[in-house]
Structure formats: structure tokens, C-alpha cells
Amino acid sequence: MSYAHLDAYSRILRGAYESAASGRFWPESPRQLIRASWRRSFDAGIDPEGTSAPLVYDASLITDIRKNHPLQPLLPLMAKTLSGLAEETGHVMIVTDGDARVLWREGNHSIMRRADDIGLATGHQWTEHSVGTNGIGTALAVGRPVHVYSEEHLMRALHIWSCSAAPITDPDTGRIIGCVDVSGTSRSLHPATVALVAATAKLAETELALRMHQRDERLRRRYESLRSRPGILLSSTGRVISGDPAGGLGGRVPLAETTFAPGQRMILRDGTVALLEPFSDGYLLRPAPSAMPSSLRLSFLGESTPTASLGDIERPLSLRHAEILTLLALHRHGLTAEQLSFHLYGDAGNPVTIRAEIHRLRGQLGNAIAAKPYRLTCPVEADFLEIRRLLAGGDPARVAAAYGGPLLPRSESPEIRRERDELEAQVRACLLRRGSPDDLWAYAQTCNGRDDYEILERLAELPPTDLRSAAARARLLP
């Protein structure tokens, strides 16, 4: 872009800027990238009359922060590519972390003194939420190289500056870990500078990838000497290095930000359990030894909080998790996410919601739930299944003793409501037909039995000296 064109664009920008700063309609708008950035900046409450980026790192901490940052070894490479340009043409090179905090700065000394006035210096933060539209913050916000010219900055104090910046992505984690920027006065920094800055960022990413592959190869060679311990080899970030030829893990195993103890169990995407062990600079994922599965015990009848017990541990459950387990217990062959969603929500269901709930439920019950389709993998003992068995045996005393009330009474799931109503009707019919006064009284203590007219009438016929008769007559009063 020629200087004549820059002058014309500057006039458009000044009009748009004054309109935006005063909250009026923008008669002539800047380019889309800048319009979107201005809106984000105003939404973040940025004051156009601000004067400097905030200082977020004390000088005493910078040395240690730099030492631990993955871009530290690449600084000479980036400096060799850009700092000569900065020194010769009156610019400054900036390298930040992934949160736009300045960690390194090199370039023309007189320009760096001017940069100090606006906080374009070590330890200051340049996110859009801190200073509004700027090269570093906007590049990190949109995830690509950008050039921000003069009045395109939201803060008026930055209008004498232009900057070209590009984010740097770590090929190991896939996360943005930094940003490289060249800044200078608006007339001295040509928009084409962004191409050189983008090439520098790409060069840094290539070097990171090379170093990552070298680490992988060293780890792989160490693993080759331990063929007696088959498993899947992971990097320290959970990236699969070898041992998963079918790609069932999707190239990466999500690892929490914690220190792992030897033999820690992990539940994989397919619901199987594996042992995660530290291995050199990474991890080894091995199949968990088989063991007799514990029974899953479900207590879902009545008005109390539904609970599940696996082994010796009892866990209270949310209603949604109890509903999922009920459906899986009733459909032992398994259900897809779509089928579970329909049984729980009807036509308004969303399988994505079910998958998220199953993921959370696995965090409590581990490999008791398998996938494709979702199914229970261990023996199940459920109070509502026990009632079905007792009803088939025709023993009203045992039915009355075991029936604690309706199945998940707060559930609105169409499938569970049908199961609940059918179970309730069968229990009631069994007790009315063959139940003793003790059995009827036990049913009268459930939430539906308290006001059951026919049950209470039977109890009211007991001798007047029987307290159950008096209680039944009291409940029958209008």
C-alpha cells in the first residue's frame, strides 16, 4: 500500500474512530478484522483514552519465567530473522507467551525507549481485553498473522504505532504458546512486514516440531529395549508415539494436569481400563489385569436420593445419572446414545448431552459402563429388578417388605414413567389380592400408598383396637 493510499485510509480511520469512541454509527468503517476487534474491545470495557498496557510480571520473576518457556531455546533463531530488521529500520521485536505477556524484546534503542511509555516492554500484557485492538492481542484473538496500522488501534496513545504479529502454535499440544511481533512508528512499518513475521512464526513452529520428533525418537528407542512390557507409548503431553496401529485412541490420551502415580488406572474412550505408568520422559499405557467385576447395586425406589454401590463404595447419584443406569439395567443388550436420548427426552433429546453425561458417570463408576453401544459390563442388583422377580414368585410379604415406593418418582423420562407405573400397578394388585394387613400397612407407608383409598379402606376394617385401623380412618377423613 502506497503512502498516498495510507493517508486516505488514515482519514477514513479517524472518522470511524471518533464515531466509535463516541458511540455513534460508523459512517465509513475500517476493514472487517478491525471492526470485529473494536467490538470485542468495547465489549471488554477498554477506554480509548488509556495510555499503557498493564504490568503483570514483576521484573524479579521474568528470568525464571523465560527459562521455563518453550520458546526460550528459539529466541536466537527468531532474533536472527527479525532483530536485524528492527535494529536497522527503527523497529522493535517482541516475543510474548500465549497470554500476550511480553517476555523478550530486542531492537532499536530509541524506539524501545518510546515503547516503554506505552508498556510495550517486558512484563506487560497486550491482550485485547487489556489494551484493545493491537497486533499482538488481535493475532492471538483470531489465531493468525495480522497487521494493525496506526488509527486501527483502539487506544489513541497507540496511533503513532503500527505492528505486525503472528501467533506460534506448539505442534506437541496444539495450543498457542506465544506471539512474535515487530512494532514501529506508523510511517516506518510497511504492511508487508506481516509476511516476514508470519514466516518467522512458521520457522519457530517447524523448529518446535523437529525437536518434538527428536524427543519422540529418543523415547521410542528406550521403549524398544523393553519389549517384555507391551503397551502404548505416550509423550509427556499424552500424544500417542507408538503401539496404537489401529488409531483407536485418536492420536492422544487426555491427561489431567497432575503427577501420576505408578499403576494409576485410566478409562479409555471405549470404556476399557488401562494402567498408566511413568516411562522415561513420557508414559506407558498398558492393559489392566482382568479381575472379577464387582456387582453394581442400585437403590432407586422411593423418595430418597438414588444411590449406586460398586464394590464397597456407595455413591449418591444425580437424577439424570440414575435414569441412565435404570435404562441400561432394563436393556442389558445396550443402547446407543440416540436410543438413550429418546428414552430420556423423547423427540426433543440430544445425543450429545447423553455422551457428556455418560462421560461424567464413567468418572464415578469406571469400566462398569462400556460403549458402542452403551451397556453395563458387571452384574447388576437393582431394587426395582428385585421387585419384578418377587412379583413373579407371588409372595406378597416379600414384595411388601422390598417395595420402598415408586421408581425414581421425580423422573419425567417417558420410558421410566411407563416402567414406574407398571411396577406400581403390579405391586398394588398383588397386595390387594393376597396381602396381609402387615403387607397393606407397609405399602401405605409409601408416597403413593399414603392416600390410596382402597388400601386404606381395607386397613380401616381391622378391629378398632388396632392402631393401623385408626390411622387409616384418619387418612380417609375428608
| said: Check whether T377 reaches the backbone of A370 with its side chain - one donor and one acceptor, N or O, closer than 3.5 Å. | reply: no
| Below 4.5 Å, heavy atoms only, C-beta onward: do R101 and T96 meet side chain to side chain? | no
| field | Expected output: side-chain S130 to main-chain W126 donor-acceptor under 3.5 Å | value | no
| message | If only side-chain N and O atoms count, and only distance matters, is there a donor-acceptor pair under 3.5 Å linking S37 with E128? | response | yes
| note | Closest heavy-atom pair, R222 versus S280, reported as atoms and distance to 0.1 Å, is NH1-OG, 3.0 Å
| Taking the side chain as C-beta and beyond, is there a heavy-atom pair between M93 and T200 under 4.5 Å? | no
| said: The test is side chain to side chain contact (heavy atoms under 4.5 Å, CB included); show your working for R362 and H359 and say whether it passes. | reply: CA-CA 5 Å; R362 278 178 170 170; H359 177 75; 5.8 Å; no
| request: State whether a side-chain donor-acceptor pair under 3.5 Å links S242 with R220. | output: no
| request: May I ask you to test the T81-M78 pair for a side-chain heavy-atom distance under 4.5 Å? | output: no
| task | Please say which of L219, V240, L284, I241 ends up in a side-chain contact (heavy atoms from CB on, under 4.5 Å) with L234. | result | V240
| Spacing of L208 atom CG and L71 atom CG [to the nearest 0.5 Å] | 6.0 Å
| request: Check ring pair (Phe, Tyr, Trp, His ring centres under 6.0 Å) between H321 and all other residues, then give those that pass, not counting sequence neighbours. | output: none
| remark: The reported gap from CG in L328 to CG in L340 (rounded to nearest 0.5 angstrom) is 5.5 Å
| request: Write down the atom of G143, the atom of I176, and the distance for their closest heavy-atom approach. | output: CA-CD1, 4.2 Å
| remark: d(K67 NZ, I62 CD1) to nearest 0.5 Å is 13.0 Å
| note | Rounded to the nearest 0.5 Å, the CD1 atom of I94 sits from the OG1 atom of T122 at a distance of 7.0 Å
| message | Is there a side chain to side chain contact (heavy atoms under 4.5 Å, CB included) between L317 and F300? Walk through the geometry before answering. | response | CA-CA 10 Å; L317 298 174; F300 291 172; 3.8 Å; yes
| query | How about R40 and T138: do any of their side-chain heavy atoms sit closer than 4.5 Å? | reply | yes
| message | How close do A165 and V194 get, counting heavy atoms only, and between which atoms? | response | O-CG2, 4.4 Å
| field | Donor-acceptor contact below 3.5 Å, side chain T326 vs main chain A322 | value | yes
| task | For the residue pair Q214 and R211, confirm or rule out a side-chain donor-acceptor distance under 3.5 Å. | result | no
| So, do T51 and I118 sit near enough that their side-chain heavy atoms are less than 4.5 Å apart? | no
| Any sub-3.5 Å donor-acceptor pair from S235's side-chain atoms to G282's backbone N or O? | no
| message | Please determine whether a side-chain nitrogen of the Lys or Arg among R218 and D281 lies less than 4.0 Å from a carboxylate oxygen of the Asp or Glu. | response | no
| Are H153 and T133 close enough, and set up right, to give a side chain to side chain contact (heavy atoms under 4.5 Å, CB included), and what steps lead you there? | CA-CA 5 Å; H153 290 91; T133 304; 5.5 Å; no
| T169 and E205: which non-hydrogen atoms are nearest, and at how many Å? | N-OE2, 2.8 Å
| Can you list every ring-ring contact (aromatic ring centres under 6.0 Å, His included) pair that touches residues 325-353, not counting sequence neighbours? | H331-H333, H331-H343
| field | Side chain proximity check, L365 to L325, heavy atoms < 4.5 angstrom | value | yes
| task | For R320 and S318, indicate whether the former's side chain and the latter's backbone hold a donor-acceptor pair under 3.5 Å. | result | no
| field | Audit row: L344, E357, side chain to side chain contact (heavy atoms under 4.5 Å, CB included) steps and yes/no | value | CA-CA 12 Å; L344 284 173; E357 292 293 349; over 6 Å; no
| CZ of R332: more than 12 outside heavy atoms within 6.0 angstrom? | yes
| task | Could you tell me whether the side chain of W38 and the main chain of G132 form a donor-acceptor pair under 3.5 Å? | result | no
| note | Looking only at heavy atoms, the pair that brings L103 and R66 closest together is O-NE, 2.5 Å
| field | Donor-acceptor contact present, side-chain S150 to main-chain H159, <3.5 Å | value | yes
| Is the shortest heavy-atom distance from the side chain of T127 to the side chain of L140 under 4.5 Å? | no
| said: For Q72, is there any backbone N or O sitting under 3.5 Å from a side-chain donor or acceptor partner on W104? | reply: no
| Sub-3.5 Å donor-acceptor pair from the side chain of R105 to the main-chain atoms of L120, do we have one? | yes
| query | How far does OG1 of T353 sit from CD1 of I358, to the nearest 0.5 angstrom? | reply | 12.0 Å
| field | Pairwise side-chain contact, I111 with H91, heavy-atom cut-off 4.5 Å (strictly under) | value | no
| field | Atom of A139, atom of P167 and distance for their closest heavy-atom approach | value | O-CG, 3.9 Å
| field | Residues S411 and S413: side-chain donor-acceptor under 3.5 angstrom | value | no
| Can you check whether I177's main-chain N or O pairs, donor with acceptor, with H69's side chain at less than 3.5 Å? | yes
| note | Between the CG atom in L301 and the CG atom in D383, the distance rounded to the nearest 0.5 Å is 3.5 Å
